[in-house]
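Below, read A as the first sequence line, B as the second, and so on, with proteins coming before strands; counting in each chain starts at 1.
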There are 2 protein chains.
Amino acid sequence: MALNKKEMFEKIDQELAEFAKAIAHPARIAILKVLAEKNSCICGEIVEVLPLAQATVSQHLKELKNVGLIQGSINGPKSCYCINYSKFIKFQEAFNGLFIHLKNQNNNCC
Amino acid sequence: MALNKKEMFEKIDQELAEFAKAIAHPARIAILKVLAEKNSCICGEIVEVLPLAQATVSQHLKELKNVGLIQGSINGPKSCYCINYSKFIKFQEAFNGLFIHLKNQNNNCC
DNA sequence: ATTATATATCGCAAATATACGATAAAAAGA
DNA sequence: TCTTTTTATCGTATATTTGCGATATATAAT
């Protein structure tokens, strides 16, 4: 794989793919659900609930943060994470855009 | 990585993650768009449009087919692909389910 | 029958993702 | 100050994904 071919596609498709990748692991979906359900959103609580090591959870949190779906603030030795809803809505719109795009022409031929 | 930890999460999250993975590459999003826009959906036409080799496109088509988002029928030496809209709607519902789940409780704390 | 065309699959190389133990860093508590 | 607690990061092992050339297969065309 000499070159990263992803950059040769439309930016809008790249962004949507990036977001899809962020939620393309059940651990990250579970993390998002925990963050939404709990009032507090301390990293340690997520580690307790998930069947993964602390280092792995930290890595998943980083990925979600990199794509902008969550934000975190350091709170003494603890880290507080929560969902960035505005970013989330943006991606939901992108998804629905794709869905609508695909459903508008129903040329089922096979 | 001794064990595949993905199986330790809820099935509903696993399924959503699987779908997200299918559209987590701009080439596969582009393929879906081409299939939706064109009346015909012959593999060769997709290869022409995408900046990828035929073997690579064939592989992406296989992944989309495996997850059920598209279906294909052999038509002489050519292969005809199209979107499986019922599957697509099912996944759209799964996505919106997650979005609603996350948006209902807006406990933004950081 | 032979050739051309279209697509799937094989085999390989390189890149990326996943997972975790060990350790670093940073603040709270004793 | 020393210890404990909490989290991030480093290093490493393994798995998966991505990409393509070569080849196999199957049909159409000549």
Side-chain angles (χ1 to χ4, degrees), chain A residues 1-9 13-14 17-31 34-35 40-67 70-82 110, chain B residues 1-9 13-14 17-31 34-35 40-67 70-82 110:
Chain A
M1 196 160 55
L3 209 64
N4 189 349
K5 294 292 189 109
K6 281 179 185 172
E7 287 160 22
M8 305 185 77
F9 294 89
D13 293 344
Q14 286 182 48
E18 269 301 295
F19 170 60
K21 207 176 65 180
I23 60 171
H25 195 292
R28 291 193 287 271
I29 293 174
I31 287 172
V34 171
L35 289 182
S40 56
C41 42
I42 294 148
C43 175
E45 291 178 344
I46 301 166
V47 175
E48 269 179 38
V49 174
L50 297 200
L52 296 172
Q54 180 268 322
T56 310
V57 172
S58 196
Q59 214 167 8
H60 283 306
L61 284 167
K62 194 181 176 185
E63 283 168 72
L64 287 169
K65 199 177 172 185
N66 282 344
V67 84
I70 65 173
Q71 44 195 185
S73 64
I74 299 156
N75 209 6
K78 302 183 179 183
S79 276
C80 180
Y81 283 100
C82 65
C110 45
Chain B
M1 198 160 54
L3 208 64
N4 189 349
K5 294 291 188 109
K6 282 180 185 171
E7 287 159 23
M8 304 184 79
F9 294 89
D13 293 345
Q14 287 183 47
E18 269 300 295
F19 169 59
K21 207 175 66 180
I23 59 171
H25 195 291
R28 291 193 287 272
I29 294 175
I31 287 171
V34 171
L35 289 182
S40 57
C41 41
I42 294 149
C43 174
E45 291 178 344
I46 302 165
V47 175
E48 268 180 40
V49 174
L50 297 200
L52 296 173
Q54 180 267 323
T56 310
V57 171
S58 196
Q59 213 168 6
H60 282 306
L61 284 166
K62 194 181 175 184
E63 281 168 72
L64 287 169
K65 197 176 171 184
N66 282 344
V67 85
I70 65 173
Q71 44 195 185
S73 64
I74 300 157
N75 208 5
K78 302 183 177 182
S79 276
C80 178
Y81 284 99
C82 65
C110 47

Atom CD of A/E63 and atom P of D/dA8 are separated, to the nearest Å, by 13 Å
Hey, is the side chain of A/T56 poking within less than 4.0 Å of OP1 or OP2 on C/dC20, counting only N and O atoms? yes
OP1 or OP2 of D/dG19 sitting under 4.0 Å from any side-chain N/O of B/H60?
yes
SG of A/C43 to CD of A/E48, rounded to nearest 0.5 Å, is 10.5 Å
By salt bridge (Lys or Arg N to Asp or Glu O under 4.0 Å), A/E18 pairs with (sequence neighbours left out) A/K21
Report task. For residues A/H25 and B/K6, determine if any side-chain heavy atom of one lies less than 4.5 Å from a side-chain heavy atom of the other. Result -> yes
| message | Categorize B/S79 for me: base, sugar-phosphate, or nothing, with a 4.0 angstrom heavy-atom threshold over every strand shown. | response | sugar-phosphate
- request: Flag the pair B/L52 / A/F9 as yes when at least one side-chain heavy-atom distance between them is below 4.5 Å, and no otherwise.
  value: yes
Between the protein and nucleotides 21-30 of chain D, which nitrogen or oxygen pairs are less than 3.5 angstrom apart?
none

*Is any side-chain heavy atom of A/C82 less than 4.5 Å from a side-chain heavy atom of A/L35?*
no
- request: May I ask you to verify if any side-chain N or O of A/K5 is less than 4.0 angstrom from the OP1 or OP2 atom of D/dC20?
  value: yes
When rounded to whole Å, the CZ to C1' distance for the pair A/R28 and C/dA17 reads 8 Å
From CG of B/N4 across to P of D/dT14 the rounded distance in Å is 16 Å
Atom pairs and distances, side-chain donor-acceptor, residues 55-64 of chain A, under 3.5 Å, sequence neighbours left out:
from: A/H60; atom 1: ND1; to: A/R28; atom 2: NH1; distance (Å): 2.9
from: A/E63; atom 1: OE1; to: A/R28; atom 2: NH1; distance (Å): 3.1

TODO: Would you mind classifying the nucleic acid contact of A/K65 as base, sugar-phosphate or nothing, using non-hydrogen atoms under 4.0 angstrom?
DONE: nothing
Which of D/dC20, C/dA8, D/dT16 is nearest the side chain of B/C43? It is C/dA8
In whole angstroms, the gap separating C1' of D/dT18 from CG of B/L61 amounts to 15 Å
Categorize B/Q59 for me: base, sugar-phosphate, or nothing, with a 4.0 angstrom heavy-atom threshold over every strand shown. base
For A/L52, answer base if it contacts any base atom (sugar-phosphate contacts may also be present), sugar-phosphate if it contacts only those atoms, and nothing otherwise; contact means non-hydrogen atoms under 4.0 Å. sugar-phosphate
* Using only side-chain N and O atoms of A/K21, determine if any of them is under 4.0 Å from OP1 or OP2 of C/dA17. => yes
